[in-house]
Every structure is written in C-alpha cells, then in structure tokens.
2 protein chains.
Amino acid sequence: MKQETRKEEIIKTAARLFKEKGYSAVTMRDLAKAMGIKAASLYNHINSKQEILKEIIISLAEEFTRGISIIKSSEKPCIEKLNEIVALHVSIASKNTYGMASLNNDWMHLEEQLPYYLELRTNYENEFRNILKEGIKKNEIIDSDVEVLLFSILSTLRSLYLWIPKKEDLNSEELTSHLSSILINGINK
Amino acid sequence: MKQETRKEEIIKTAARLFKEKGYSAVTMRDLAKAMGIKAASLYNHINSKQEILKEIIISLAEEFTRGISIIKSSEKPCIEKLNEIVALHVSIASKNTYGMASLNNDWMHLEEQLPYYLELRTNYENEFRNILKEGIKKNEIIDSDVEVLLFSILSTLRSLYLWIPKKEDLNSEELTSHLSSILINGINK
DNA sequence: CAATCAAACTAACAAGTGTTAGTTAAATAT
DNA sequence: ATATTTAACTAACACTTGTTAGTTTGATTG
C-alpha cells in the first residue's frame with residue numbers, strides 16, 4: 001500500500017481549500033485547522049505557503065507536458081491525437097480536481113517558479129497549436145482561425161475540474177468519448 | 001458626454017487589479033496606489049472592499065440574466081438562439097473583460113449577496129439547459145448528454161474574457177460567427 | 001464674501017498574516 | 001535501555017490588513 005507522507009496530506013488538504021477560496025484567501029491557520037493541528041506545526045513538514053502552491057501547480061503542469069509530448073510524437077491522424085488530448089485532460093482532472101483549480105486560477109501567485117510555469121504553459125499551447133495546424137494542412141479539420149479553435153477546445157478542457165465532481169456517475173471513458181464527439185463534430189444534427 | 005463618477009473609476013480600477021491577482025490578493029492600499037491616492041481616501045467614495053466586488057459581479061450577473069430572458073422568449077429556432085447566446089457572451093465580455101474575471105473567479109467572496117448571485121447563476125444555467133433540451137426534442141441538435149453539452153459550450157463562453165484581450169484584431173461579429181460555427185458544427189471537415 | 005461640498009490627507013486601531021524559536025511527548029531504531 | 005526521530009505544542013515576532021476619525025484644501029454655490 002502506498003501510504004501518504006504527512007507532507008502529501010498537507011498539500012492535498014491545501015489544494016482542497018485553495019479550490020474553495022483561492023490561494024490568497026486561505027491562511028496557514030485555516031489549513032492547520034483543516035488538518036486538526038496548529039499552524040506552526042505545519043512548518044515541521046513544509047517550508048512555506050508558497051512551497052505548497054509550487055508543489056501543486058508545477059507537478060500538474062509537468063504532467064501535462066509529459067502527456068502532450070507523448071501524443072505529439074505518435075504517427076496517428078490528427079483527429080486521434082485530439083482524442084488523446086481530451087483523454088489526457090479528463091484523466092488528470094479526474095485524479096486531482098482540487099489541484100486543477102490552483103493550476104488554472106492561482107498560478108500568478110507563484111514567485112520564483114512563475115517563469116518556469118509560463119514556459120511549460122506556452123510550450124503546451126504550442127504543441128497543441130501545432131497538432132491543430134497539422135490537422136488543417138492535412139485536411140482533417142476545418143480551416144478556421146487556429147487561435148479560435150485552440151481557445152475553444154482548451155477552454156472546455158481547462159474547465160473540466162469544475163464539472164467532473166458534479167458528474168460522478170459518468171466514468172472517464174464515457175466522458176472522454178462524449179466530449180471528443182462534441183468538440184469534433186459539434187452539436188448540430 | 002457620459003462622464004464617470006469617481007466611484008465608477010474606483011470600481012473599474014479595482015476590476016482590473018482583481019483580474020490580475022484575484023480579489024483577496026488586492027489590498028485597499030494597492031487599489032489606492034493605482035488610483036494615485038491614499039487608501040483612506042477610497043472610503044469617501046465606497047463603503048467597503050466587499051461593496052466593490054458586489055458592484056462588479058452583480059451588475060454583470062444581472063446583465064446576463066436580462067440577456068438570456070430576451071433570447072428565451074423569442075420564437076426562433078434553437079440553433080439561432082444559441083447563436084444569440086454566443087453573441088451575448090462576446091458582447092458582455094468585450095465591454096468588460098476585467099469584471100468577467102471577478103464574476104468567474106471571485107464570486108465565492110461575496111457575502112450577503114452570495115445567495116442572490118447563486119440564484120442568478122442557477123437561473124441562467126436553467127434557461128440555457130432548457131434551450132438545449134428544446135433543441136434536442138425538436139431534432140435540431142444531437143441527442144447527447146445535455147449536461148455535457150451545456151458544460152462544453154458554457155466553459156468556452158465563460159473563458160472568453162481571457163482571450164478577447166489577446167485578439168484585439170478580431171471584431172465582435174467575426175468572433176461570434178467563428179465561435180458559433182465551431183460550437184455548432186465542430187472542427188471536423 | 002460666506003457657506004457648502006467633494007475629495008484628498010494624516011494618524012491610528014484592532015485583528016489577522018506568515019513564520020520562527022524553543023519545548024514536549026510518543027514512537028521507532030540501536 | 002538509550003538515542004533518535006517524528007510530529008505535535010506554546011509563545012511570540014514583525015508586518016499587513018480593512019477601516020475609522022478627524023482635518024485640510026480647493027472649487028462651486030448662495
């Protein structure tokens with residue numbers, strides 16, 4: 001059994017609180033209370049509030065980077081790559097809905113790690129954009145403004161963390177295939 | 001010429017700061033500095049920090065409520081109603097990209113007004129859902145899970161405020177029609 | 001000219017902030 | 001049994017927070 005260290009418990013609890021109120025509105029005393037200890041005791045396990053945010057965000061951002069790098073280097077058709085991107089987002093967001101909130105809303109409170117985070121995000125968007133461009137060139141997807149395509153799809157995928165907890169009945173495979181179908185084929189009959 | 005009151009200036013500046021760092025991370029001293037005055041002077045014009053947030057969020061939420069209520073009561077086909085919803089979001093988000101950030105990310109910091117805000121939001125989502133259900137019943141749109149449809153479209157529309165500032169070249173009509181086309185017809189060729 | 005008003009100011013407050021230092025008690029390893 | 005480690009504690013710090021009270025200044029109005 002993979003047992004959690006105390007530090008991991010703290011980070012997980014913090015992520016949950018950060019999702020509810022945002023990083024800045026959560027105090028170390030709030031976090032301590034949620035853990036059933038005093039604020040000062042947190043510092044036996046973590047070095048700073050900042051560090052908690054860093055751990056949450058950077059590990060997720062790197063997970064996305066690894067994911068898209070694998071998808072990118074396959075030789076499948078573009079539509080299938082898109083399918084895999086949807087699956088990647090569903091999978092990561094399902095495992096960690098709390099952390100995804102920080103990734104989306106609290107990244108600006110990173111300090112030393114902010115440039116690194118921005119690099120990862122830009123890189124991710126570029127890989128995504130390249131897949132779309134390739135799809136357009138190979139006549140697999142419509143020749144619409146790439147930025148609007150990218151924005152539209154990515155917005156939906158980035159919001160998954162908000163909806164997954166409300167739809168626990170839907171399993172990951174179903175959600176992925178429904179979503180892919182809507183994003184690729186639209187809602188028109 | 002419609003001249004702005006000092007209070008409106010403060011609210012506008014606050015919205016800009018709230019978009020950059022979130023409500024909780026912006027202090028009254030930050031806001032005062034951005035206005036070129038001292039923090040205490042803000043209180044000649046506003047009653048509290050809370051009140052600023054309320055003004056930003058509630059006015060926007062009511063604007064959406066008014067908008068969808070007009071769209072709902074028309075006799076047009078469902079696909080056209082969707083088109084009008086897209087136009088509504090593009091229009092409001094274009095006029096007030098800063099405020100939209102608070103509406104999306106800082107609503108949980110409302111206090112007395114939180115129940116009212118939640119009521120407006122639930123109502124909006126219900127109206128939207130009804131339009132989708134009607135479209136499915138009348139065979140205008142695919143018979144997919146309504147919640148996934150709603151989530152997918154709404155996520156894109158709610159993120160518009162993040163993208164509009166980066167795409168100043170695209171005018172509202174173009175953006176609306178591109179977006180409608182992608183949401184309705186998908187990206188498949 | 002005197003009075004009013006809008007909008008800034010200084011000074012201060014009580015409460016809350018992240019964090020450090022030093023201590024204690026129980027569990028684990030030698 | 002002794003030593004070490006883990007993980008909690010109390011007390012306190014320097015600073016920041018939203019906000020209030022009272023004052024000053026310059027423009028507008030009677």
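Because only heavy atoms are used, hydrogens play no part in the values below, and waters and symmetry mates are left out as well, while side chains stay in. In this text, all values refer to a predicted model and were calculated from it rather than measured experimentally. Per chain, numbering begins at 1; letters A, B, ... match sequence-line order.
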- Euclidean distance, atom NZ of residue K7(A) to atom P of dT6(D) [Å, nearest integer]: 14 Å
For residues 103-110 of chain A, tabulate all N or O donor-acceptor pairs below 3.5 Å that involve a side-chain atom, not counting sequence neighbours.
{"unit_1": "N104(A)", "atom_1": "ND2", "unit_2": "M100(A)", "atom_2": "O", "d": "3.1"}
{"unit_1": "N104(A)", "atom_1": "ND2", "unit_2": "R158(A)", "atom_2": "O", "d": "3.0"}
{"unit_1": "N105(A)", "atom_1": "ND2", "unit_2": "A101(A)", "atom_2": "O", "d": "3.3"}
{"unit_1": "N105(A)", "atom_1": "ND2", "unit_2": "Y161(A)", "atom_2": "OH", "d": "3.1"}
{"unit_1": "D106(A)", "atom_1": "OD1", "unit_2": "Y23(A)", "atom_2": "N", "d": "3.4"}
{"unit_1": "D106(A)", "atom_1": "OD2", "unit_2": "Y23(A)", "atom_2": "N", "d": "3.0"}
{"unit_1": "W107(A)", "atom_1": "NE1", "unit_2": "N104(A)", "atom_2": "O", "d": "3.4"}
{"unit_1": "H109(A)", "atom_1": "NE2", "unit_2": "S24(A)", "atom_2": "OG", "d": "3.4"}
{"unit_1": "H109(A)", "atom_1": "NE2", "unit_2": "K21(B)", "atom_2": "O", "d": "3.0"}

Check residues 131-138 of chain B and write down every donor-acceptor pair under 3.5 Å in which the side-chain atom is one partner and the other belongs to a residue at least two apart or another chain.
{"unit_1": "E134(B)", "atom_1": "OE2", "unit_2": "K138(B)", "atom_2": "NZ", "d": "3.1"}

- Message: Is it the case that the side chains of S155(B) and S155(A) hold a donor-acceptor pair, with the cut-off being a distance below 3.5 Å and no angle test?
- Response: no
- Query: Could you state the NZ-P distance from K33(A) to dC9(D), rounded to the nearest angstrom?
  - Reply: 13 Å
- Query: Which whole-number value in Å describes the distance from E111(B) CD to dG18(D) C1'?
  - Reply: 12 Å
- Would one find more than 12 heavy atoms of other residues, nucleotides or ligands at under 6.0 Å from atom OH of Y98(B)? no
- Query: Can you tell me how far P of dT19(D) sits from CG of L31(B), to the nearest Å?
  - Reply: 11 Å
- Please say whether more than 12 non-hydrogen atoms of neighbouring residues, nucleotides or ligands are located less than 6.0 Å from NZ in K33(B). no
- Item | Whole-Å distance separating the CD atom of E9(B) from the P atom of dA6(C) | 16 Å
- Identify, with sequence neighbours excluded, every residue that meets salt bridge (Lys or Arg N to Asp or Glu O under 4.0 Å) alongside D145(A). none
- Message: Less than 4.0 angstrom between a side-chain N/O of R29(B) and OP1 or OP2 of dT19(D), yes or no?
- Response: no
Please output the side-chain donor-acceptor pairs of residues 86-95 of chain B that fall under 3.5 Å, not counting sequence neighbours, one pair per line with the distance.
{"unit_1": "H89(B)", "atom_1": "NE2", "unit_2": "Y124(B)", "atom_2": "OH", "d": "2.6"}
{"unit_1": "S94(B)", "atom_1": "OG", "unit_2": "V90(B)", "atom_2": "O", "d": "2.6"}
{"unit_1": "K95(B)", "atom_1": "NZ", "unit_2": "E63(B)", "atom_2": "OE2", "d": "2.9"}

- Query: Roughly how far apart are T65(B) OG1 and L120(B) CG, rounded to 0.5 Å?
  - Reply: 4.0 Å
- Message: Which residues in residues 36-51 of chain B have a heavy atom closer than 4.0 Å to any atom of DNA chain C?
- Response: I37(B), K38(B), A40(B), S41(B), N44(B), H45(B)
- Under 4.0 Å from any atom of DNA chain C, heavy atoms only: list the residues of residues 13-28 of chain A that qualify, in numerical order. V26(A), T27(A), M28(A)
- Query: CD1 of I10(B) versus C1' of dG18(D): gap in Å, rounded?
  - Reply: 15 Å
